[in-house]
Amino acid sequence: MPAMRLMWTPPQAKVKKTPLPANFVPQPYSVLIGRGKACTNAIGNRRLQVLASSYLEDYNNASTKMEKSVIVSKIVDSIREACPVGAFIRHEGGRWWEVDDVSAREKVGTMIRDLLSNKYRSSSKAKVARRKKRKQDSSPTGTTSVVDSILELWSLDFPVDPELQMLNDANEMKPIPLTASSSTDFIFINDWEELS
């Protein structure tokens, strides 16, 4: 078993943000920082995706971190040029805030990694795929539900104690499961027709 490496990670710096005017409305090129469909589907975020897509080949071919950083800087500068006020914004506390360059670069880097999800383990799509695979691997029957597993158990032929079988045959009683969620609760009836 390989030795575990402990890594120290510095505490996350607090995001520096500048308040925007109270009447500020996001512009068509404003990139919303945050989670959820509202951010994902915002016009500025979709434009950022298109812009980042145009740099994918260059980013993919870049061999050093510095080259990739230059590409991210070009994208951030393009957005800031198109939208001088409110280029990368976050909504907190009932008002809009413009975030610093670090957060803007992080947003662009995340976008590029998500677009190259087949290459980067840190992309959101790659993480979701790994979680799904891990969940399937940990389940002994794959993705079957609990009810399916119980029904599968009921269909198996288990050896029956001969004394119980004779008693059952003599009384013509047959066990019927009460619910699909419980494999231990049974009722015994003398006549099957009473169920219909």
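Residues meeting the side chain to side chain donor-acceptor pair (under 3.5 Å) test with Arg95, sequence neighbours left out: none. Remark: Ser63 engages Glu67 in a side chain to side chain contact (heavy atoms under 4.5 Å, CB included) (not counting sequence neighbours). Applying the side chain to side chain donor-acceptor pair (under 3.5 Å) test to Thr18 and every residue at least two apart in sequence or in another chain returns nothing. With sequence neighbours left out, the side chain to side chain donor-acceptor pair (under 3.5 Å) criterion links Arg47 to no other residue. Scored by the side chain to side chain contact (heavy atoms under 4.5 Å, CB included) test, Arg46 finds Ile43 as partners (sequence neighbours excluded). Not counting sequence neighbours, Thr40 has no partner by the side chain to side chain donor-acceptor pair (under 3.5 Å) test. When the salt bridge (Lys or Arg N to Asp or Glu O under 4.0 Å) test is applied to Lys65, no partner is found at least two apart in sequence or on another chain. For Lys132, the side chain to side chain contact (heavy atoms under 4.5 Å, CB included) partners at least two apart in sequence or on another chain are Gln136.
Identified under the side-chain hydrogen bond (donor to acceptor under 3.5 Å, both in side chains) test for residues 22-31, with sequence neighbours left out: none. For the salt bridge (Lys or Arg N to Asp or Glu O under 4.0 Å) condition, the pairs that include at least one residue of residues 72-82, sequence neighbours left out, are Arg80-Glu98, Arg80-Asp101.
Taking the side chain as every heavy atom from C-beta outward, Ile75 and Ile112 approach each other to under 4.5 Å. In this structure the side chain of Tyr59 reaches within 4.5 angstrom of the side chain of Val72, judged on heavy atoms. Residues Arg105 and Ser69 meet the side-chain proximity criterion, which asks for heavy atoms closer than 4.5 Å.
No path of Ile, Leu, Val, Met, Phe, Trp and Tyr side chains, each step under 4.5 Å between heavy atoms, connects Trp97 with Leu48, placing them in separate hydrophobic clusters. Note on Leu56 and Ile71: same hydrophobic cluster, where clusters join Ile, Leu, Val, Met, Phe, Trp and Tyr whose side-chain heavy atoms are under 4.5 Å apart, directly or indirectly.
Scanning both residues, Gly86 and Cys83, for their nearest heavy atoms gives O-SG, 3.5 Å. Of all heavy-atom pairs spanning Leu51 and Ser78, the tightest one is CD2-CB, 3.8 Å. Here the closest non-hydrogen pair linking Ala52 and Met111 is CB-CG, 4.0 Å.
Its side chain within the 4.5 Å cluster rule, Ile89 clusters with Leu20, Phe24, Leu32, Val85, Trp96 among the Ile, Leu, Val, Met, Phe, Trp and Tyr residues.
Here OG of Ser103 is found 6.0 Å from CZ of Arg90. Values are rounded to the nearest 0.5 Å. Separating the OG atom in Ser53 from the CG atom in Leu115 is a distance of 4.5 Å, to the nearest 0.5 Å.
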